[in-house]
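These numbers come from the heavy atoms of this one structure, side chains and all, not from hydrogens, waters or symmetry mates. Remember, predicted model here, so these are calculated numbers, not experimental data. Chain A is the first sequence line, chain B the second, and so forth, proteins listed ahead of strands; every chain is numbered from 1.
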Amino acid sequence: MLDIKYLRKNVAEATRRLQDRGIESEKLTTLLSLDKARREAIQQVESLKAQRNEVSDKIAYAKRNKTDASEAILAMQEVGSKIKALDARQASLDMEVKNLAAHLPNLAASDVPVGPDEAANVEQRVWEPKTYGQRLKAHQEAPEWLKAHYEVGETLGILDFERGAKVSGARFLYYVGDGARLERAVYNFMLDEHRQEGYTEMITPIVVNDAAMFGTGQYPKFQDDAYRVEGLEQTYIPTAEVPLTNYYSGETLPAEDLPIKFTALSPSFRKEAGAAGKDTRGLIRLHQFNKVEMVKFTKPEQSYEELESMTANAENILQKLGLPYHVILLSTGDMGFSAAKTYDVEVWMPQQQVYREISSVSNTEDFQARRMHITYRNEAGQLALVHTLNGSGLAVGRTVAAILENYQNPDGSVTVPEVLRPYLGGQDKLMATPHH
RNA sequence: GGAGAUAUGGCACAAUCUGGUACUGCAACGGACUCGAAAUCCGUCGAGCCGCUUUUGGCGGUGUGCGGGUUCAAAUCCCGCUAUCUCCUCCA
C-alpha cells in the first residue's frame, strides 16, 4: 500500500512514478478526489459527534441530578440519525478509497530502469565456475547427446510426470528414488547455508487467511492465481514469503533486533492461470513446487544494503553448486506488484541455451509493512514502518533441473555436485536404477 | 466435532447483573531529595489509527478481541464471528 499522504502532496511525481509502473493517471486522479470527499465527510460527521458527546454528558449530568432532559434527548435523536447517514456515506467512501489504493502497485526505486517489460531489464553481472572439469561450459553449444532435464529425469526413473498427471493433474509430478533424495539434498543444503548466514529457520503454516494474503500484496489483485481452500477464507500459499512476512503483522519490533532474517522451505502452490503452453515441460512451471525462501525485516536506512546481501545469499547457493548464472535488475514494467526493486537470478540451462529464473529478490520498502502494520521505534522514539525484503534462496525444483542438465554426462548419468554429496551419503553419481 | 468459560492500556485487574466521565496497582516518563543511586514524596500516563491545525505543539473523532444492532448515550443490552482455556470426543 502506498502512503496516501505522499500521494496527496506529490501528485505530479506520483503520477509519473505510477505511469512507470503501467498505471494510467486517471487512477490516481480518481483516488485523490475520493480521498478528498472522504475527508470532507469525516469533518462533517465528526463535528456532529463532538456535539453529541457534549450533549450526552449534559444528559447524564441531568439524569444524575434527577432533572428533566427530554428536550435534549429529543434534539439528539435528530442528530443521531444524521450521524448514522453520514457515517454510512463515509464508510462507503472509505471502502472505495481503500479498494483503489489496494490495487496500486509499489513505486519503483529511483535506480530501477524504466521500461514497459523485460526488454528494459539490465544485466548486472555474469558468474561461472572457474573450472568445469568434464562438464559443459556456459554458452557452449549443446552437443547431440544433451537431453533436457525432464528427459534425463524420466530416463533415470527419478522424475515421474505421467503418474503425477494421472493422480493430480497436469503440472504435478512425483520425484522417485534418487530424484526425491536429490531434491531433499538440495533444500537441506540451502537451509544449512542460510542458517549459517544468520537466517532463523522456520516451518510455517502452508494455508493462510485472507488478511495474510492481503498483507504481502497477493490479494486483492491476484486472487485468480491462488489455490483457495474451498468454502473457507484460506489459501494454500504461493510462496513462504506470505507466512514468513506476516509472522510479525500488527507488531512493533524492538529496533535493536533489526534486521531480522527468516528462512523456510515450503511447498508453493500456483494455478498458473494464463500460462497455458508456456514452459509446459518438466520442473520449470508446476502447480506445486518446493522453494526455500528468505525474508528480512529491516530499518529503512539499511534495506538496500540488505537487498544486496540477500541477493548474494541466493548467488552463493549457485556458486557452491557450480551452476553458471547471471543477475539482472528488473525494469519498472517487469517487477512484481509489491516490489520497489528486484534482482532476478537466472541459471544457465544448457539444453535450451537460455538463462532461466531461479530466484527473485525484492525490497518492498514499507509497502507490505504498511499493509500489515509492522513498525519499530526509530532513534527519535517515533513509530515508523519497517522495510521488508524477500527472495528465493532458491527455487528447489528448478535447481534440480539445472543440476540434471549442467551435470549430465554423455552416458546419461548425472554427476552429483560436490557440496551435495554429504547429503546423499557420499554418492557422486545418479544412474538408472530399478526402484521397485 | 460437542459443552462450558474467558477476551478491558506495556502487565495484573475493577466496573458488566442494574447503560451515563473505564477503578486501582505495577511498570514507564517528568520533577523533588541526593555527590550519585536506591528508597521515599509530588506530578504525568489509552497504545494505535483518522481528521483539522498557526506543527518539538494544540483541538476533535475513534478506540474495552472482531463485525453488526438497539439507544440521546454501550465495556455494560441483543445478534453473528474469531481466538484462548477447561472437560468430552477424535487423532499423528
Side-chain angles (χ1 to χ4, degrees), chain A residues 1-10 31-102 203-215 219-220 228-235 243 246-257 297 366-386:
Chain A
M1 196 92 83
L2 298 173
D3 182 2
I4 187 81
K5 285 175 189 159
Y6 165 82
L7 297 178
R8 269 181 217 150
K9 282 181 196 150
N10 307 277
L31 174 68
L32 289 176
S33 75
L34 279 167
D35 174 59
K36 190 154 182 259
R38 172 182 153 272
R39 282 181 295 149
E40 282 164 6
I42 287 173
Q43 284 177 52
Q44 277 181 45
V45 75
E46 283 194 353
S47 73
L48 283 177
K49 281 180 178 175
Q51 187 191 344
R52 180 180 67 184
N53 287 344
E54 201 179 315
V55 176
S56 274
D57 282 352
K58 283 184 185 151
I59 292 170
Y61 182 79
K63 293 263 181 187
R64 271 197 300 271
N65 291 304
K66 316 262 191 236
T67 342
D68 180 53
S70 52
E71 202 176 308
I73 289 174
L74 214 61
M76 281 304 101
Q77 278 173 356
E78 201 185 321
V79 172
S81 64
K82 268 190 204 163
I83 288 174
K84 205 170 193 179
L86 287 169
D87 259 346
R89 188 176 126 73
Q90 191 212 319
S92 90
L93 283 166
D94 267 351
M95 234 173 55
E96 284 185 76
V97 168
K98 268 186 199 145
N99 193 40
L100 282 180
I203 295 176
T204 73
I206 61 172
V207 173
V208 297
N209 62 28
D210 287 355
M213 289 292 278
F214 177 85
Y219 284 2
R228 280 182 76 73
V229 181
E230 182 76 31
L232 294 174
E233 293 188 346
Q234 292 173 325
T235 303
N246 277 280
Y247 183 74
Y248 283 129
S249 64
E251 298 190 32
T252 299
L253 309 178
E256 63 270 23
D257 289 358
F297 305 83
D366 62 13
F367 187 84
Q368 294 179 327
R370 184 172 294 107
R371 286 168 98 93
M372 61 183 114
H373 304 115
I374 305 178
T375 55
Y376 77 108
R377 221 165 266 284
N378 63 23
E379 279 75 19
Q382 294 154 329
L383 281 182
L385 295 166
V386 301

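- A7(B): Watson-Crick or G-U partner is U82(B), with both key distances under 3.5 Å.
- The side chain of R38(A) lies closest to C50(B) when the candidates are A73(B), C50(B), G61(B).
- Taking atom C1' in both C81(B) and A27(B), one finds a spacing of 34 Å when rounded to whole Å.
- Pair assignment for G57(B): U53(B), on the basis of Watson-Crick or G-U wobble contacts that are both within less than 3.5 Å.
- A3(B) and A92(B) have their P atoms separated by 25 Å, with the value rounded to a whole Å.
- Distance Q43(A) CD to G60(B) P: 15 Å, rounded to the nearest Å.
- Taking a pair to require two hydrogen-bonding distances under 3.5 Å in either a Watson-Crick or a G-U wobble arrangement, A27(B) remains unpaired.
- Residue contacts shown for L383(A) are limited to sugar-phosphate atoms, with no base heavy atom under 4.0 Å away.
- Among all heavy-atom pairs drawn from A37(A) and R89(A), the shortest one is O-NH2, 4.3 Å.
- Using a 4.5 Å heavy-atom threshold, the side chains of Q51(A) and E54(A) count as separate.
- Remark: K84(A) is in phosphate contact with U70(B), judged by side-chain N or O atoms under 4.0 Å from OP1 or OP2.
- Here the separation of C49(B) from C33(B), taken at their C1' atoms, is 41 Å to the nearest Å.
- Residue order along RNA chain B, read from the 5' end via each residue's closest nucleotide, puts Q51(A) first among E78(A) and Q51(A).
- Base pairing of C87(B): its partner is G2(B), meeting the Watson-Crick or G-U wobble criterion (both donor-acceptor distances under 3.5 Å).
- In this structure, U21(B) forms no base pair with any nucleotide, since neither Watson-Crick nor G-U wobble geometry is met with both distances under 3.5 Å.
- One interatomic measurement links the two molecules: CD1 of I73(A) to P of G20(B), which rounds to 14 Å at whole-angstrom precision.
- In this structure, R39(A) reaches the C52(B) phosphate: one of its side-chain N or O atoms is under 4.0 Å from OP1 or OP2.
- Of the C1' atoms belonging to U24(B) and C13(B), the separation is 8 Å, rounded to the nearest Å.
- Look at the C1' atom in both A39(B) and U16(B): the space between them is 40 Å, to the nearest Å.
- The partner of A39(B) cannot be assigned: no Watson-Crick or G-U wobble pair with both contacts below 3.5 Å exists in any strand.
- For the pair I83(A) CD1 and A73(B) P, the computed distance is 8 Å after rounding to whole Å.
- The residue R370(A) sits apart from the nucleic acid: no heavy atom pair falls under 4.0 Å.
- By the 4.0 Å N-to-carboxylate-O rule, D35(A) lies close enough to R38(A) to be salt-bridged with it.
- Of the candidates A47(B), C72(B), G51(B), the closest approach to any side-chain atom of R377(A) belongs to A47(B).
- A74(B) is unpaired under the Watson-Crick or G-U wobble criterion, no partner having all donor-acceptor distances under 3.5 Å.
- For A73(B), the OP1/OP2 oxygens have no side-chain nitrogen or oxygen of N53(A) closer than 4.0 Å.
- Within a 6.0 Å sphere centred on CG of L232(A), heavy atoms belonging to other residues, nucleotides or ligands number more than 12.
- Rounded to whole Å, atom P of C59(B) lies 15 Å from atom CD of E54(A).
- Annotation: of the two residues near RNA chain B, A60(A) and A50(A), the 5′-most nearest-nucleotide partner is A60(A).
- When the nucleotides A73(B), G61(B), G51(B) are ranked by their closest atom to the side chain of S56(A), A73(B) comes out on top.
- Minimum heavy-atom separation, R370(A) to L2(A): NH1-C, 3.6 Å.
- Across all strands, I59(A) comes closer than 4.0 Å to base atoms (heavy-atom distances).
- Going from the P atom of U8(B) to that of G19(B) covers 23 Å, rounded to whole Å.
- Base-pair partner of G48(B): U62(B) (Watson-Crick or G-U wobble, both distances under 3.5 Å).
- Taking both residues in full, the closest heavy atoms of L93(A) and A41(A) are given as CD1-CB, 4.1 Å, listed atom of the first, atom of the second, then distance.
- The separation of G9(B) from A5(B), taken at their P atoms, amounts to 22 Å, rounded to a whole angstrom.
- Picking from C72(B), G48(B), G51(B) the nucleotide with the shortest atom distance to the side chain of R52(A) gives C72(B).
- Separation of the P atoms belonging to C45(B) and G25(B) is 14 Å when rounded to the nearest angstrom.
- When Y247(A), Y376(A), Y248(A) are each tested for a ring pair (Phe, Tyr, Trp, His ring centres under 6.0 Å) with F297(A), only one passes: Y248(A).
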